[in-house]
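These figures come from a predicted structure and were not determined experimentally.
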Amino acid sequence: MKDYFNPLLLLIVIALLSWKVSVGIETPASVEVWLLTLCATGFVVNGLLSVAQALARRKSLMSVVWSCVFLVFCSCAWVTMRQEKDYRHEINSYHELNARWQEEHNNPFELIDDEGRTLLELATILGKKMAVRGLLAQPEAAQAGEVILRAAVHAAENGRHELLTMLAQQKGGFDFNRLSDGRSPLVAAVLSNNRKCAEVLLELNAKPDFCDENGVSPLMHAVIDNNRGMASLLIEHGADPYLKDRTGRDAASCSRSDLMDAILQPKH
C-alpha cells in the first residue's frame, strides 16, 4: 500500500487545485504557499526515509521518484499561484483607478495605485488594447511622456509588442531612446528575452547602442545572458560589440562561447 501513497496523494492535490481554479475560489496566497510547503516537506521527508531502505528493498525507490515529482509539481504550482496573485492585484488596481477616473473626471495619468503605477501602466501590463488606445486619445497624454515611457518598459517586459506600436503612434511621434528606472524599453525587452518586442522597438528607431544607467548596452546584456538570438538581432541592426561600459568592458570581452564570438565578429 505504501508504494501507492505518493501517487495517490499527488492526484488528490492536483484534483483539489483543479477544482479550486475551475470554481474560482480565491484564498490568501500565504495559506496556499504554506499548504504547498507542508506537502512538499512531507514528500521530501518520505523520500529521504525511503533512501535509507532503498538498498534493502528496491521498490522503495519509487517513493523517492514520486517525492521528486511532487516537489517539482509544488514548485510549479507555487509559481503559478504567485502569478495569479499578482494578476488579481493588478486587475483590481486597474478597476479601482478606472472607477476613480470615471467618477472624478481628473487627469488619468496622475492617478496611481499603491505601487505607484498609473492607469496606463496597468492597462499595458494587462494587455488592454482598447483601454490603452482610449487613454492615449486623452488631451493630457501630450504631457505624459514619462508615464508613456514607463508603460513602454512594461510592454517590453511583458511581451506586449502590439502595444509598443500603439504607444509610438503618439502625436508628434515618441522617442524610445530614454531611460525609466535606469532602463530603456529595448534593454527591458532584451533582459526579458522578448524578441518580438525588440524587433518592433528597433523598427521604431530605438537605437541598438542606447545604454542603461550603467553604460551597459543592450548587446552586452544579451551577451552576458548568452542569448545568441538576441545578440544576432542587435548585430543585424548595427550594434557595436566594442562599445565600452563605465568599467571598460565591452560585449566582445563578455562572450563565453565560440558561437557567441562568431556572432560578434565583424562581417566583411
Side-chain angles (χ1 to χ4, degrees), residues 75 78-79 82-83 86 90 112-118 120-122 124-125 144-165 167-168 170 173-268:
S75 300
W78 183 84
V79 171
R82 295 299 297 181
Q83 291 175 340
D86 292 339
E90 288 159 357
I112 59 174
D113 68 354
D114 56 356
E115 294 185 18
R117 297 173 298 188
T118 63
L120 179 62
E121 291 175 74
L122 288 166
T124 303
I125 293 170
E146 291 302 317
V147 174
I148 296 174
L149 178 61
R150 294 200 300 272
V153 171
H154 287 305
E157 286 178 332
N158 291 276
R160 311 291 190 187
H161 60 86
E162 68 283 356
L163 294 184
L164 287 170
T165 303
L167 293 170
Q170 274 294 96
F174 187 77
D175 183 13
F176 288 104
N177 298 302
R178 292 184 290 160
L179 299 181
S180 175
D181 294 329
R183 298 172 299 166
S184 67
L186 182 57
V187 168
V190 171
L191 290 174
S192 302
N193 193 25
N194 287 316
R195 182 184 176 92
K196 184 61 179 179
C197 287
E199 291 175 348
V200 169
L201 286 166
L202 291 166
E203 291 171 1
L204 294 171
N205 298 320
K207 297 177 182 178
D209 285 332
F210 188 76
C211 301
D212 64 14
E213 62 181 352
N214 296 313
V216 180
S217 69
L219 179 59
M220 187 180 294
H221 280 298
V223 173
I224 291 173
D225 291 342
N226 200 32
N227 190 334
R228 295 193 297 272
M230 195 69 76
S232 297
L233 175 66
L234 293 166
I235 288 291
E236 289 170 6
H237 283 80
D240 182 4
Y242 302 106
L243 181 66
K244 298 185 182 298
D245 66 5
R246 293 179 181 175
T247 65
R249 299 182 307 166
D250 56 32
S253 67
C254 294
S255 174
R256 304 191 304 274
S257 71
D258 293 337
L259 291 174
M260 184 65 78
D261 289 342
I263 292 171
L264 300 177
Q265 288 299 318
K267 303 295 187 297
H268 300 290

Stepwise side-chain contact (heavy atoms from CB on, under 4.5 Å) test for Arg249 and Ile224: CA-CA 11 Å; Arg249 299 182 307 166; Ile224 291 173; 4.2 Å; yes
Going through the distances and angles, do Glu90 and Arg117 end up as a side-chain contact (heavy atoms from CB on, under 4.5 Å)? CA-CA 10 Å; Glu90 288 159 357; Arg117 297 173 298 188; 3.5 Å; yes
Please report the C-alpha distance between Leu149 and Phe174 in whole Å, then the side-chain angles of each, then the deciding distance to 0.1 Å, and finally whether the side-chain contact (heavy atoms from CB on, under 4.5 Å) criterion is met. CA-CA 9 Å; Leu149 178 61; Phe174 187 77; 4.0 Å; yes
Check the pair Glu146, Arg178 against side-chain contact (heavy atoms from CB on, under 4.5 Å), reporting the backbone distance first and the verdict last. CA-CA 9 Å; Glu146 291 302 317; Arg178 292 184 290 160; 3.6 Å; yes
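Closest approach of Pro218 and Leu186 over heavy atoms only: CG-CD2, 3.9 Å. Of all heavy-atom pairs between Pro185 and Phe176, the closest is CD-O, 3.3 Å. Closest non-hydrogen pair, Asp250 versus Pro241, comes out as CB-O, 3.5 Å. Closest heavy-atom contact between Asp212 and Asn214: OD1-N, 2.9 Å. Closest of all the heavy-atom pairs between Ala151 and Thr124 is O-CG2, 3.3 Å. Residues Ser192 and Ala156 come closest through the heavy atom pair CB-O, 4.3 Å.
One finds the CG atom of Leu122 at 8.5 Å from the CD atom of Glu115 (value rounded to the nearest 0.5 Å). With rounding to the nearest 0.5 angstrom, the CG atom of Asp245 is 7.0 Å from the SG atom of Cys254. Distance OH/Tyr242 to OG/Ser253: 10.0 Å, rounded to 0.5 Å. Atoms SG and CZ, from Cys211 and Arg246 in turn, are 9.0 Å apart once rounded to the nearest 0.5 Å. For the atom pair CZ of Arg228 and CG of Leu264, the computed distance is 11.5 Å after rounding to the nearest 0.5 Å. A distance of 7.5 Å separates OG of Ser184 from CG of Asn177, quoted to the nearest 0.5 Å.
A donor-acceptor distance shorter than 3.5 angstrom exists from the side chain of Asp209 to the backbone of Asp240, with no hydrogens or angles considered. Checked by atom type and distance alone, the side chain of Glu121 pairs as donor or acceptor with a backbone atom of Thr118 at under 3.5 Å. A donor-acceptor pair under 3.5 Å is formed between the side chain of Arg160 and the backbone N or O of Ile125. Looking at Arg195, its side chain does come within 3.5 Å of a backbone N or O of Gly229 through a donor-acceptor pair.
For Ala251, the side chain to side chain contact (heavy atoms under 4.5 Å, CB included) partners two or more places apart in sequence, or in a different chain, are Leu219, Met220, Val223. In terms of the side chain to side chain contact (heavy atoms under 4.5 Å, CB included) criterion, residue partners of Lys196 (sequence neighbours excluded) are, by chain and number, His161, Glu199, Val200. Asp261 meets the side chain to side chain contact (heavy atoms under 4.5 Å, CB included) test with Ser255, Asp258; sequence neighbours excluded.
Tested against Asp225 for a side chain to side chain contact (heavy atoms under 4.5 Å, CB included), the candidates Leu191, Asn193, Val190 yield a single pass: Leu191.
Using a cut-off of 4.0 Å between Lys/Arg side-chain N and Asp/Glu carboxylate O, Arg183 and Glu213 are scored as not salt-bridged.
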